[in-house]
Amino acid sequence: MAFMIIVGMFFIFMALVGSADDGVVVKRNSVLEISFITPILDYTGKDANDPFAELWTAELGLDEILHAIEVAKNDDHIEGISITTGFLQAGMAQAREIRNALIDFKSSGKFVVAHADVYAQRDYYLASAADEVYINPVGAMDFKGLATEVLFYKELQEKSGIKMEVIRHGKYKSAVEPFLSDTMSEENRAQIKELISSIWNVMVDDISESRNLSPQDLNQIADTLGGRTPEYAVASGLVDGALYFDEYEDLMREKIGLSKDEDVEYVGLRDYIQKANKQKIRTGSDKIAIIYAQGEILGGEGGKDYVGQGLIVDALHKAVDNESVKAIVLRVDSPGGSALVSDIIWREMQLAKRKKPVVVSFGTIAASGGYYIGVGGDKIFAEPTTITGSIGVFGTIPNVNQLAENVGINAEQVGTNKNSVDYSFFEPMTDTFRQVLEESIEETYQTFLDRVSKGRNMTVEQVDQVAQGRVWSGTDAKALGLVDELGSLDDAVKAAAEMAGLQSYGLRKYPKYKSDFELFMEDFGSAKTKIGESIIQEEIGTEAYQVLKEFKQFTKQEGIQAKMPFSLNIK
């Protein structure tokens with residue numbers, strides 16, 4: 001039965017691929033419609049020559065989006081851009097790069113307009129780059145400032161009998177705080193407040209420039225919820241008008257020069273990306289390699305959702321050994337993870353920069369282990385909204401001693417030597433084992449400080465003052481000397497080209513990931529797991545599922561962690 005299903009799916013895919021071979025046709029007077037309904041990654045690693053890639057990759061790559069907008073800027077068939085995003089699933093740094101690309105697109109003289117039934121704050125931040133912004137007359141707008149929520153599990157552990165044994169270094173290393181307390185520490189509250197305030201200030205400044213509203217006015221609107229209804233949003237100047245979509249289309253017809261009876265020709269972003277990917281903007285025999293490290297840092301091969309030493313080390317080797325590659329840019333979008341894997345990648349960065357310039361670009365987040373691998377480069381760029389720093393380490397080990405006692409389980413251990421039985425999930429952690437872990441945590445922290453000290457030309461004492469697990473925005477990180485420049489991935493590429501003495505160059509991207517189709521064919525068990533997770537999420541709700549997922553991730557961590565000090569969902 002399974003074989004027949006696969007055969008049937010194969011023929012369906014062949015039919016779809018066959019129809020796709022005709023290519024995307026962009027008619028004259030077309031409007032590029034940007035509507036993000038799927039998650040955005042920095043990089044999807046799709047093979048442009050793989051006919052199944054587009055069919056089996058749900059996410060969009062930031063690199064593809066920016067490239068498509070740049071191609072559209074000079075496409076005579078594209079008259080303008082319509083933004084109709086309803087729920088942007090992207091990090092703040094990603095949203096800002098897209099926003100800047102839209103502003104650059106406008107410099108061509110083409111229009112950018114936006115319309116939505118409902119604007120969430122991130123959606124409005126993106127849309128505010130448009131020449132004109134519109135909202136449904138019975139829609140709604142969320143513009144009130146940033147906030148985040150941290151959940152605490154101490155009482156849950158006490159009631160369930162399942163707890164996390166925690167060892168940490170850094171007074172701000174708050175990834176483990178939810179397991180130690182039922183309330184937020186003042187240190188954690190202070191760093192979160194400063195972080196989201198810094199990100200909010202960047203958003204406000206950008207919106208202020210685009211909408212000709214002062215930061216003071218925008219904060220006043222946020223504090224009074226002065227944009228919560230379409231009427232208020234228009235009166236406050238957040239949007240230009242309240243229009244139904246048919247009225248919005250009439251406005252675009254006027255811009256294009258169409259009569260009311262003529263249809264607006266739209267080309268969707270995903271379709272246009274297929275066309276744009278066939279056009280190269282940067283060309284040259286010399287290349288700059290861009291290596292993407294995105295997701296939590298774990299052991300193993302790695303993939304588009306997590307960083308493993310396998311793919312990253314292999315990519316660095318290929319870039320170094322390729323004679324046409326003259327410089328390397330490492331793009332980091334990671335909250336950190338395994339300290340061991342972070343150090344392995346850091347070492348390979350050291351070896352790489354002995355032979356070629358290595359520039360680092362931080363995306364939405366480059367915290368702890370993500371920052372660790374970044375200090376191996378010659379120069380670091382970060383977006384103002386990048387979440388970075390978090391120089392600290394911790395270790396967590398699950399323990400079910402209380403639960404075992406509650407349900408009547410007794411575990412007995414037998415060993416050959418004094419320390420053979422170092423730890424059991426069913427017994428309280430011994431003082432000896434805790435001391436060994438604390439020594440290991442301290443050693444890892446000192447190694448982390450040393451790596452940063454050498455990479456940033458700071459003393460260990462100076463690094464320790466801004467470390468302790470504390471996170472910073474990109475703006476603050478630059479002021480503290482943790483990064484060199486504020487800028488985008490493109491800025492990092494240009495810096496790498498300058499360091500290598502290149503005037504013209506092409507880009508080569510690493511690594512190439514296995515497609516979802518390949519993974520599906522390799523492992524039906526993985527597919528079943530994803531389906532099961534989807535069902536659970538639908539039944540218990542997204543927020544409850546996220547709590548369950550985070551708790552599960554903590555129980556699966558191995559070794560000492562250099563990781564973001566809290567799970568931050570800014571909304």
Side-chain angles (χ1 to χ4, degrees), residues 167-176 191 291 293 296-299 307 309 312-313 316 328 330 332 334-355 357-362 365-382 386-396 435-472 474 476-485 557-565:
I167 302 92
R168 61 176 173 171
H169 186 114
K171 64 181 180 179
Y172 292 99
K173 202 64 190 175
S174 308
V176 292
Q191 72 165 337
I291 300 174
E296 187 173 349
I297 299 174
L298 306 169
V307 179
Q309 72 267 33
I312 300 300
V313 170
L316 284 166
I328 299 169
L330 179 72
V332 181
S334 172
S338 167
L340 173 60
V341 176
S342 299
D343 195 70
I344 291 172
I345 296 173
W346 171 87
R347 174 59 181 172
E348 292 296 332
M349 290 279 286
Q350 294 291 297
L351 297 176
K353 75 177 186 179
R354 292 178 184 176
K355 299 182 178 180
V358 179
V359 178
V360 179
S361 167
F362 287 163
I365 181 171
S368 210
Y371 183 75
Y372 195 129
I373 65 177
V375 295
D378 293 303
K379 194 170 188 178
I380 300 176
F381 282 77
T386 296
I387 300 172
T388 191
S390 187
I391 303 167
V393 294
F394 69 87
T396 57
Q435 182 179 352
V436 170
L437 280 182
E438 288 174 347
E439 289 175 359
S440 183
I441 292 287
E442 183 60 32
E443 182 179 356
T444 302
Y445 180 67
Q446 292 302 321
T447 300
F448 199 165
L449 293 181
D450 179 69
R451 303 288 189 248
V452 178
S453 170
K454 292 177 179 176
R456 302 304 307 158
N457 196 27
M458 301 166 68
T459 67
V460 172
E461 291 73 24
Q462 287 173 325
V463 177
D464 191 39
Q465 288 178 4
V466 297
Q468 298 291 329
R470 179 158 184 170
V471 292
W472 306 95
D476 292 335
K478 182 179 184 301
L480 295 168
L482 295 177
V483 304
D484 295 291
E485 301 288 347
Q557 288 172 352
E558 296 180 1
I560 296 172
Q561 301 291 304
K563 190 177 177 185
M564 174 79 172

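Distance CD/Q468 to CG/L449: 8.0 Å, rounded to 0.5 Å. E348 contributes atom CD, which lies 10.5 Å from atom CD1 of I291 (distance to the nearest 0.5 angstrom). From L482, atom CG reaches atom CD1 of I391 across 5.0 Å, with rounding to the nearest 0.5 Å. Note that the CD atom of Q309 and the CG atom of L298 stand 9.5 Å from one another [nearest 0.5 Å]. Interatomic distance, OG of S334 versus CD1 of I365, reported as 7.5 Å (0.5 Å rounding). To the nearest 0.5 Å, atom CG of residue D476 and atom CD1 of residue I387 are 12.0 Å apart.
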(request) Could you give me the CA-CA distance, side-chain angles and deciding distance for K353 and I328, then say whether side chain to side chain contact (heavy atoms under 4.5 Å, CB included) is met? (result) CA-CA 8 Å; K353 75 177 186 179; I328 299 169; over 6 Å; no
(request) Could you give me the CA-CA distance, side-chain angles and deciding distance for V307 and E296, then say whether side chain to side chain contact (heavy atoms under 4.5 Å, CB included) is met? (result) CA-CA 6 Å; V307 179; E296 187 173 349; over 6 Å; no
(request) Give the intermediate values and the outcome of side chain to side chain contact (heavy atoms under 4.5 Å, CB included) for residues Q191 and V471. (result) CA-CA 7 Å; Q191 72 165 337; V471 292; 3.3 Å; yes
(request) Could you check V463 against T459 for side chain to side chain contact (heavy atoms under 4.5 Å, CB included), going step by step and ending with a plain yes or no? (result) CA-CA 6 Å; V463 177; T459 67; over 6 Å; no
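A pairwise comparison of heavy atoms in T444 and A339 identifies CG2-CB, 3.8 Å as the closest pair. Between A352 and L316, the shortest heavy-atom contact is CB-CD2, 4.4 Å. Minimum heavy-atom separation, I441 to G395: CD1-N, 3.6 Å. The minimum heavy-atom distance between Q350 and V375, with the atom names listed, is NE2-O, 4.5 Å. In terms of heavy-atom proximity, S368 sits nearest to P335 at CB-O, 4.1 Å. Smallest separation of non-hydrogen atoms from G370 and I297: N-CD1, 3.8 Å.
Residues V466 and R470 are not in side-chain contact: their nearest non-hydrogen atoms beyond the backbone lie 4.5 Å or more apart. Contact of the I380 side chain with the R456 side chain is registered, since non-hydrogen atoms from C-beta on lie closer than 4.5 Å.
Between Y372 and F448, the ring center distance clears the sub-6.0 Å criterion.
Donor-acceptor pairing under 3.5 Å is recorded for the side chains of E442 and Q446. Y445 and D450 share no side-chain donor-acceptor pair at under 3.5 Å.
Here the rule is side chain to side chain contact (heavy atoms under 4.5 Å, CB included) with F381, and of D484, V359, V483 only V359 fits it.
Within the 3.5 Å criterion, the main-chain N or O of M458 finds a donor-acceptor partner in the side chain of S453. Side chain of W346 to main chain of G369: no donor-acceptor pair is present (N/O by atom type, distance under 3.5 Å, no hydrogens or angles). Remark: side-chain polar atoms of S342 are paired, donor with acceptor, to backbone N or O of S338 under 3.5 angstrom. In this structure, D378 contributes its side chain and P357 its backbone to no donor-acceptor pair below 3.5 Å. Of the possible donor and acceptor atoms, none in the side chain of T386 sits under 3.5 Å from a partner among the backbone N and O of A382.
Between D343 and R347 there is no salt bridge, since none of the side-chain N atoms of the basic residue sits less than 4.0 Å from a carboxylate O of the acidic one.
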